[in-house]
Amino acid sequence: MDLQALSDFNLVATHGGIGRASRVSDRSKATLSRKVAELERSLGVRLIERGAQGLRLTEEGRALRERTCGPLDEIAEAREAVVLGASIPRGRLRVSVPVVIAHMAFGRIGARFALAYPEVQLEIVAEDRKVDPVEDDYDLVIRVDPAPDDRLVGRRFLNDERLIVAPPDLPRAARHSAAVGELAVRAVVLTTTPADIIWQLRGDPGPDIVVRPEPVLRLSSLLMVRDAVLAGTGAAVLPKLLVADDVAAGRLALWGPVSEPPVELWALQSSRRLVGAKVRAFLDVVEKSFPDRAFMPPA
C-alpha cells in the first residue's frame, strides 16, 4: 500500500474535504484527489463518496481511517524524531484538560509554552467529558485520579489536597451537634453530593473531627462553589489548587484538609504513540508550573 496515498486519504478524511486538506497541508487539490483515487483503485473499493453536499466516507473508508490513523501518526513522529534529532518541538499539539483545572492553570501554562516554542501550534480544550486520545485526536489528556488503562501511558505531575474552607467570618465552631466530637456548619456543595455526606477534618494533632455540612446551596461546578464561599454563603470542600491563592490572601479561612488520599493529576497519551519532542516540552512546562504544590515524580 502506498503510504503517501494512505496519508493523503487520512488527511482528506480528517479535514472533511480536499479543499480544506489542501489548505492545511499546502498540497495541491489535484495531487490529493489523484492520490486518493490511486488508493481506491489499488484496494478495489470506494473510500469516499463525492456528492453535491461534499465528501462522505464510505463504510470501508471509515474502517480504513480508524485502523491506520494511529500508525500513520507514529510514522510521522518517528520521522520527526530522526530528522530533527528529537530536539526541536514543532507541529500541532492538542491537549484536553478538565474545565476547573484548565481555568485555574492551563491558560498561563499555554502562554508560557507558546512563547517558548513558537513552532508548535498549541490547542488546549477545556472539557469534562472522558475523551479518547486516538479517537478524538489529542496528543495529551489531563485526568484526575484516572483508572488504570493499558491503552494510556503518562506521568503524574501533581498531588493535590482537598481542603475545608469557609468565609473568614464563619466561626469554625459554628454549631456543635448533639453527638460528641461533631460539628455542624452551613455549607455549599455540589449538586451530586449525597444528603448524608460527612466531612472528616484531619486532626493535627489529635483525632479527626466529624463535620456535618448543612447544605444551603447546591451548585453544579467547583468554580461556582468557590465563588459562593467567597460571597459568604458557607463552608465547602475544595481542591487546594482552586483555593490556595484565596487562602493566602485572607479571602478564605482554611479549616484544614479532609482525611482522604490526595487527588492525583496525570498527563496521559496513547500507549501506541511515541513521546515526541513537543509532548516532552509541554510536560516540562507543566511540571515547572507546580514547583510548590506537592509535585510528585513519575510513578
Side-chain angles (χ1 to χ4, degrees), residues 94-110 123-133 135-136 138 140-147 149 157-170 172 174-175 183-202 210-249 251-268 286 289-290 293-294:
R94 295 189 78 228
V95 184
S96 172
V97 186
V99 172
V100 170
I101 300 167
H103 288 177
M104 289 305 301
F106 276 79
R108 293 189 295 272
I109 289 172
E123 178 183 350
I124 298 177
V125 179
E127 55 189 345
D128 285 331
R129 68 188 181 98
K130 188 176 181 180
V131 303
D132 182 285
E135 292 292 329
D136 296 301
Y138 282 106
L140 277 174
V141 294
I142 306 300
R143 288 191 180 164
V144 179
D145 288 336
D149 189 334
F157 64 88
L158 178 67
N159 275 2
D160 198 29
E161 293 182 298
R162 297 173 71 235
L163 307 175
I164 300 179
V165 294
D169 60 352
L170 181 67
R172 177 164 170 168
R175 180 169 65 81
L183 180 69
V185 63
R186 71 176 189 265
V188 184
V189 299
L190 290 170
T191 54
T192 54
T193 301
D196 58 351
I197 189 71
I198 63 170
W199 300 337
Q200 292 279 354
L201 178 62
R202 189 185 306 162
V210 175
V211 179
R212 294 194 177 275
E214 298 179 340
V216 296
L217 181 60
R218 290 178 175 267
L219 299 168
S220 64
S221 93
L222 291 175
L223 289 169
M224 288 196 293
V225 171
R226 182 197 60 178
D227 289 346
V229 178
L230 285 168
T233 308
V237 172
L238 289 166
K240 182 179 179 182
L241 179 64
L242 187 58
V243 298
D245 292 342
D246 294 314
V247 170
R251 293 186 292 269
L252 291 177
L254 173 62
W255 287 16
V258 295
S259 294
E260 296 179 2
V263 176
E264 295 185 355
L265 272 66
W266 286 71
L268 302 170
V286 170
S289 298
F290 300 100
R293 296 190 187 277

Quick one: do D132 and V141 satisfy side chain to side chain contact (heavy atoms under 4.5 Å, CB included)? Show the steps, please.
CA-CA 8 Å; D132 182 285; V141 294; over 6 Å; no
Quick one, F290 with L265, criterion side chain to side chain contact (heavy atoms under 4.5 Å, CB included). Give me CA distance, side-chain angles, the key distance, then yes/no.
CA-CA 11 Å; F290 300 100; L265 272 66; 5.7 Å; no
To the nearest 0.5 Å, what is the distance between [atom1] ([X]) and [atom2] ([Y])?
{"X": "L219", "Y": "T192", "atom1": "CG", "atom2": "OG1", "answer": "11.0 Å"}
{"X": "I109", "Y": "I124", "atom1": "CD1", "atom2": "CD1", "answer": "7.5 Å"}
{"X": "W266", "Y": "L158", "atom1": "CH2", "atom2": "CG", "answer": "12.5 Å"}
{"X": "H103", "Y": "L222", "atom1": "NE2", "atom2": "CG", "answer": "12.5 Å"}
{"X": "M224", "Y": "T191", "atom1": "CE", "atom2": "OG1", "answer": "8.0 Å"}
{"X": "R143", "Y": "I101", "atom1": "CZ", "atom2": "CD1", "answer": "12.0 Å"}

Could you tell me whether a side-chain N or O of [X] sits under 3.5 Å from a main-chain N or O of [Y], the two making a donor and an acceptor?
{"X": "D136", "Y": "V131", "answer": "no"}
{"X": "R202", "Y": "G256", "answer": "no"}
{"X": "D128", "Y": "V99", "answer": "yes"}
{"X": "R218", "Y": "T193", "answer": "yes"}

Should the ring pair F106 and F157 be called parallel, tilted or perpendicular, given that the plane angle runs from 0 to 90° and is split at 30 and 60?
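Aromatic pair F106/F157 classed perpendicular.
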Only counting residues at least two apart or in another chain, list the ones meeting side chain to side chain contact (heavy atoms under 4.5 Å, CB included) with I198.
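Partners of I198 by the side chain to side chain contact (heavy atoms under 4.5 Å, CB included) criterion, ordered by chain and then number, come out as Q200, V210, R212.
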Taking all non-hydrogen atoms of both residues, which atom of V144 and which atom of P98 are closest, and how far apart?
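For V144 and P98, the tightest heavy-atom pair comes out as CG2-CG, 4.4 Å.
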Go through it in stages, so that I can follow the logic: the residues are L170 and R186, the test is side chain to side chain contact (heavy atoms under 4.5 Å, CB included), and I'd like the CA-CA distance, side-chain angles, deciding distance and then a yes or no.
CA-CA 9 Å; L170 181 67; R186 71 176 189 265; 3.3 Å; yes
All pairs passing salt bridge (Lys or Arg N to Asp or Glu O under 4.0 Å) where residues 252-266 contributes a residue, at least two apart
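Only R156-E264, R162-E260 qualify under salt bridge (Lys or Arg N to Asp or Glu O under 4.0 Å).
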Validation row: L238, L163 side chains within 4.5 angstrom (heavy atoms)
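They are not in contact (no side-chain heavy atoms under 4.5 Å apart), so the answer is no.
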Any I142 side-chain heavy atom under 4.5 Å of S96 side chain
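No, too far: nothing below the 4.5 Å cut-off.
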